[in-house]
**Q** 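Supplied in structure tokens, the structure appears directly below.
Numbers for residues simply follow the sequence, beginning at 1.
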Amino acid sequence: TNFTMNTIELSSALSNRKQNPFSFWHKDTEDQDDKLHASTRLKQDFLKLGIQPSFSFRKNDSIFTMGSCFARRLENTWHKKGIDVPTHKGMIENRSLFKTSISFNKYNTYSMLYELQWALNEEGFSDEQSFIQVSESKFMDLQLVPGDFNPADYDSLLARKKTIFSLSKHVIKAKVITLTLGLIEVWYDNKTERHLNMVPDIKTAIKEKGRFELRLLNVDENVANLES
């Protein structure tokens, strides 16, 4: 991906500053506009941002969210305001599978891409791509996050996976798609040739030397995953 520096001619830059009431850092005045200056706004309990949204949505529009824990905070806020957030609603309706919303956290763009590809059947899901057996009766899903639900017995893990796929399909009909990005430090599984959403099971990593390695994602990889 080639990134180019945007340039703005002098007349346009001056016009933008004139039209933007938030463009000044500070002025030694006490006029009405002083409260709009950055030096004043930064001192307030609630920071007022000078932004102009490029789009809008209605309360009954569906919003699809995916990504880090910040996405869960957005979901919860929108849900409380009566906005349709299918993933959050699905989590509430399936409390036996999801004690908290942490099951939906995706910390890197590869895990986000895998989840959507599996959910939309662009790539058939196989448990070998995501599950590892960590004990006689417990399995771990390396595309989730560790917790009291992971590891779990195979049937519970698969049921949780299928429910997440079902909820992720809402991306097709969503009016707004919100993706919050997390980490560029990502564990990679050389056996399945997939990036993970979590640190691999340590016992498995020690037993299968060379299977897992830590990788740093670059800008081109992340952009390509988001554009897929």
Side-chain angles (χ1 to χ4, degrees), residues 1 49 51-127 129-131 141-147 149-150 152 156-187 194-198 217 219-228:
T1 302
L49 301 178
I51 59 175
Q52 296 179 338
S54 59
F55 68 96
S56 63
F57 59 89
R58 297 168 299 179
K59 193 171 184 179
N60 61 342
D61 287 331
S62 177
I63 299 180
F64 177 80
T65 53
M66 175 177 277
S68 63
C69 52
F70 183 52
R72 311 286 80 78
R73 301 296 181 267
L74 292 173
E75 287 175 342
N76 189 50
T77 299
W78 286 328
H79 177 75
K80 288 180 178 178
K81 292 183 177 296
I83 297 174
D84 180 25
V85 189
T87 49
H88 189 82
K89 181 180 178 181
M91 181 269 294
I92 294 175
E93 293 175 345
N94 293 274
R95 281 298 190 186
S96 61
L97 294 175
F98 308 110
K99 294 182 179 180
T100 69
S101 60
I102 193 175
S103 295
F104 296 91
N105 285 359
K106 294 295 174 188
Y107 295 118
N108 65 79
T109 56
Y110 276 103
S111 289
M112 295 162 70
L113 177 60
Y114 298 155
E115 205 72 69
L116 290 176
Q117 287 177 332
W118 287 328
L120 301 178
N121 294 318
E122 294 180 4
E123 182 177 326
F125 172 72
S126 168
D127 56 13
Q129 298 171 322
S130 188
F131 296 177
D141 186 348
L142 298 178
Q143 293 301 330
L144 291 181
V145 295
F149 55 86
N150 189 27
S156 296
L157 213 58
L158 186 60
R160 187 175 293 107
K161 196 75 169 176
K162 289 182 176 180
T163 302
I164 291 176
F165 289 165
S166 177
L167 295 174
S168 294
K169 290 181 180 179
H170 286 284
V171 67
I172 298 175
K173 298 181 179 180
K175 171 73 174 183
V176 178
I177 298 175
T178 303
L179 305 177
T180 65
L181 307 185
L183 304 172
I184 62 169
E185 302 88 354
V186 181
W187 284 94
R194 288 186 177 273
H195 296 77
L196 310 181
N197 193 54
M198 57 176 283
L217 306 185
V219 173
D220 290 343
E221 285 180 285
N222 286 315
V223 171
N225 290 338
L226 292 171
E227 291 179 344
S228 296

**Q** More than 12 heavy atoms of other residues, nucleotides or ligands under 6.0 Å from CZ of Arg58: is that the case?
**A**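 Counting other residues, nucleotides and ligands, CZ of Arg58 stays at 12 neighbours or fewer.
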**Q** Using modelled atom types and a 3.5 Å cut-off, is there a donor and acceptor pairing between side-chain atoms of Gln143 and backbone atoms of His195?
**A**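 It does hold such a pair.
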**Q** Can you see which heavy atom on Gln129 is nearest to which on Gly124, and at what distance?
**A** OE1-O, 3.5 Å
**Q** Is any side-chain heavy atom of Asn150 closer than 4.5 Å to one of Val145?
**A** no
**Q** Before you tell me yes or no, could you show the steps for Leu217 and Tyr110 under side chain to side chain contact (heavy atoms under 4.5 Å, CB included), namely the whole-Å CA-CA distance, both residues' side-chain angles and the distance that decides it to 0.1 Å?
**A** CA-CA 10 Å; Leu217 306 185; Tyr110 276 103; 3.6 Å; yes
**Q** Would you check if the side chain of Asp84 reaches a backbone N or O of Asp61 as a donor-acceptor pair within less than 3.5 Å?
**A** no
**Q** Take Leu144 and Met198 through the side chain to side chain contact (heavy atoms under 4.5 Å, CB included) test and state the conclusion after the steps.
**A** CA-CA 7 Å; Leu144 291 181; Met198 57 176 283; 5.6 Å; no
**Q** Locate the shortest heavy-atom distance separating Ser156 from Ala152; write the atom from each residue and the value.
**A** CB-CB, 4.4 Å
**Q** Hey, does the side chain of Asn108 reach the backbone of Gly182 with a donor-acceptor pair shorter than 3.5 angstrom?
**A** no
**Q** Could you check Ile63 against Lys175 for side chain to side chain contact (heavy atoms under 4.5 Å, CB included), going step by step and ending with a plain yes or no?
**A** CA-CA 6 Å; Ile63 299 180; Lys175 171 73 174 183; over 6 Å; no
**Q** Quick one: are Glu115 and Asn197 in side-chain contact, heavy atoms under 4.5 Å?
**A** no
**Q** Ring pair (Phe, Tyr, Trp, His ring centres under 6.0 Å) with Phe104: which of Phe64, Phe98, Phe70?
**A**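 Looking at Phe64, Phe98, Phe70, the match for Phe104 under the ring pair (Phe, Tyr, Trp, His ring centres under 6.0 Å) is Phe98.
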**Q** From Lys106 NZ over to Ser111 OG, what is the distance, rounded to the nearest 0.5 angstrom?
**A** 5.5 Å
**Q** With side-chain hydrogen bond (donor to acceptor under 3.5 Å, both in side chains) as the rule and sequence neighbours excluded, what pairs involving residues 69-82 come up?
**A**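 The answer is Thr65-Glu75, Arg72-Glu75, Arg72-Asn105, Glu75-Thr87.
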**Q** Could you tell me the separation between the CZ atom of Phe149 and the OG atom of Ser96, rounded to the nearest 0.5 Å?
**A**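 Here the interatomic distance stands at 13.5 Å.
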**Q** When the ring planes of Trp118 and Phe125 are compared, do they come out parallel, tilted or perpendicular, using 30° and 60° as the limits?
**A**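 Plane angle over 60°, so perpendicular.
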**Q** Distance from His88 atom NE2 to Glu93 atom CD, nearest 0.5 Å?
**A** 10.5 Å
**Q** For the residue pair Ile83 and Phe57, what are the closest heavy atoms and their distance?
**A** CD1-CE1, 4.0 Å
**Q** Quick one: side chains of residues 164-174, donor-acceptor pairs under 3.5 Å with protein atoms, not counting sequence neighbours, listed by atom name and distance.
**A**
unit_1	atom_1	unit_2	atom_2	d
Ser168	OG	Ile164	O	2.9

**Q** Got a second to check how far Leu116's CG is from Asn121's CG, nearest 0.5 Å?
**A** 12.0 Å
**Q** Could you state the interatomic distance from CG (Asn225) to OH (Tyr114), rounded to the nearest 0.5 Å?
**A**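 One gets 7.5 Å once the value is rounded to the nearest 0.5 Å.
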**Q** How close do Thr100 and Ile102 get, heavy atom to heavy atom, and via which atoms?
**A**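 Smallest interatomic distance, heavy atoms only, reads OG1-CG2, 3.0 Å.
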